[in-house]
Amino acid sequence: QVQLVESGGGLVQAGGSLRLSCAASGRTISTYVMGWFRQAPGKEREFVAVISWGGGSTYYADSVKGRSTISRDNAKNTVYLQMNSLKPEDTAVYYCAARGGSITATHGASYDYWGQGTQVTVSS
């Protein structure tokens with residue numbers, strides 16, 4: 001079992017930045033693909049970013065590409081999502097997820113473990 005706890009969310013003005021963290025416990029995440037997803041009110045959960053085991057491969061949703069960076073520190077069992085130039089449409093609950101195997105999947109159904117989420121609110 002892997003337990004995931006997100007932090008770093010909050011209220012920020014448009015154009016600002018936030019760094020989300022996802023701390024894992026229970027097992028090392030070094031052999032897990034890690035992803036970030038988000039869900040806005042009234043909308044379905046959507047993929048944001050994913051990173052491979054060693055961090056050498058990353059992939060982003062078009063909506064955040066160029067504004068966000070996913071990274072991981074396996075020694076600290078933690079994954080990060082740096083978000084810059086935030087927009088009101090980035091407002092959502094952001095979830096961290098872990099997936100066994102090596103495929104950097106973008107579908108939430110492919111992930112085995114989920115955190116409880118952290119709220120990000122971007123004001124205009």
Side-chain angles (χ1 to χ4, degrees):
Q1 289 285 341
V2 177
Q3 292 79 43
L4 303 171
V5 178
E6 302 93 336
S7 62
L11 174 63
V12 63
Q13 289 188 332
S17 298
L18 282 175
R19 188 195 195 201
L20 306 184
S21 298
C22 172
S25 61
R27 300 182 69 175
T28 176
I29 60 168
S30 60
T31 58
Y32 285 85
V33 167
M34 299 299 295
W36 284 96
F37 293 79
R38 68 186 182 185
Q39 187 167 19
K43 295 187 177 181
E44 293 186 353
R45 182 179 61 197
E46 65 174 359
F47 164 77
V48 175
V50 62
I51 188 167
S52 60
W53 292 348
S57 178
T58 59
Y59 184 74
Y60 300 90
D62 288 343
S63 58
V64 303
K65 193 177 298 181
R67 301 188 295 120
S68 298
T69 302
I70 186 171
S71 61
R72 65 191 298 163
D73 185 337
N74 287 339
K76 294 183 178 180
N77 234 25
T78 302
V79 179
Y80 306 96
L81 182 67
Q82 176 70 43
M83 300 190 295
N84 303 320
S85 302
L86 284 162
K87 306 175 182 179
E89 50 264 45
D90 293 318
T91 295
V93 177
Y94 283 71
Y95 298 92
C96 171
R99 182 186 187 283
S102 62
I103 297 176
T104 50
T106 61
H107 294 287
S110 299
Y111 286 75
D112 304 304
Y113 303 102
W114 292 83
Q116 84 290 347
T118 185
Q119 176 70 47
V120 171
T121 303
V122 184
S123 63
S124 57

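What you are looking at is a predicted structure, and each value in this text was computed from that prediction instead of being measured.
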Closest heavy-atom pair and its distance - [X], [Y]:
{"X": "R67", "Y": "L86", "answer": "NH1-CA, 3.8 Å"}
{"X": "L81", "Y": "A49", "answer": "CD1-CB, 4.2 Å"}
{"X": "R38", "Y": "E46", "answer": "NE-OE2, 2.5 Å"}
{"X": "Y94", "Y": "M83", "answer": "CE2-SD, 3.6 Å"}
{"X": "A98", "Y": "M34", "answer": "CB-SD, 3.5 Å"}
{"X": "R45", "Y": "A109", "answer": "NH2-N, 4.2 Å"}

Walk me through whether V5 and Q3 qualify under side-chain contact (heavy atoms from CB on, under 4.5 Å). CA-CA 7 Å; V5 178; Q3 292 79 43; 5.6 Å; no
How long is the gap from CD on Q119 to CG on L11, to the nearest 0.5 Å?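 The distance works out to 9.5 Å.
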Gap separating the OG1 atom of T78 from the CG atom of L4, nearest 0.5 angstrom: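 Answer for the OG1-CG pair, T78 versus L4, is 10.0 Å.
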Report yes or no: does [X] contribute a side-chain atom to a donor-acceptor pair with the main-chain N or O of [Y] at less than 3.5 Å?
{"X": "T104", "Y": "I51", "result": "no"}
{"X": "S30", "Y": "T28", "result": "no"}
{"X": "E6", "Y": "C96", "result": "yes"}

Grouping I, L, V, M, F, W and Y whenever their side-chain heavy atoms are under 4.5 Å apart, do [X] and [Y] come out in a common cluster?
{"X": "W36", "Y": "I29", "answer": "yes"}
{"X": "V48", "Y": "V50", "answer": "no"}
{"X": "Y80", "Y": "V120", "answer": "no"}

With sequence neighbours left out, what residues match A97 under side chain to side chain contact (heavy atoms under 4.5 Å, CB included)?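 Partners of A97 under the side chain to side chain contact (heavy atoms under 4.5 Å, CB included) test: F37, Y111, W114.
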Under the side-chain contact (heavy atoms from CB on, under 4.5 Å) rule, what do I70 and V79 come out as? Steps first, then yes or no, please. CA-CA 7 Å; I70 186 171; V79 179; 4.1 Å; yes
With side-chain hydrogen bond (donor to acceptor under 3.5 Å, both in side chains) as the rule and sequence neighbours excluded, what pairs involving residues 47-60 come up?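 As it turns out, there is no side-chain hydrogen bond (donor to acceptor under 3.5 Å, both in side chains) pair with a partner in residues 47-60 once direct neighbours are skipped.
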Using 4.0 Å as the upper bound for N to carboxylate O, is an ion pair formed by K65 and D62?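 Judged by the 4.0 Å cut-off on N to carboxylate O distance, D62 and K65 do form a salt bridge.
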Please list every donor-acceptor pair under 3.5 Å in which a side-chain atom of residues 12-24 meets a protein atom from a residue at least two apart or in another chain.
| from | atom 1 | to | atom 2 | distance (Å) |
| --- | --- | --- | --- | --- |
| S17 | OG | N84 | OD1 | 3.0 |

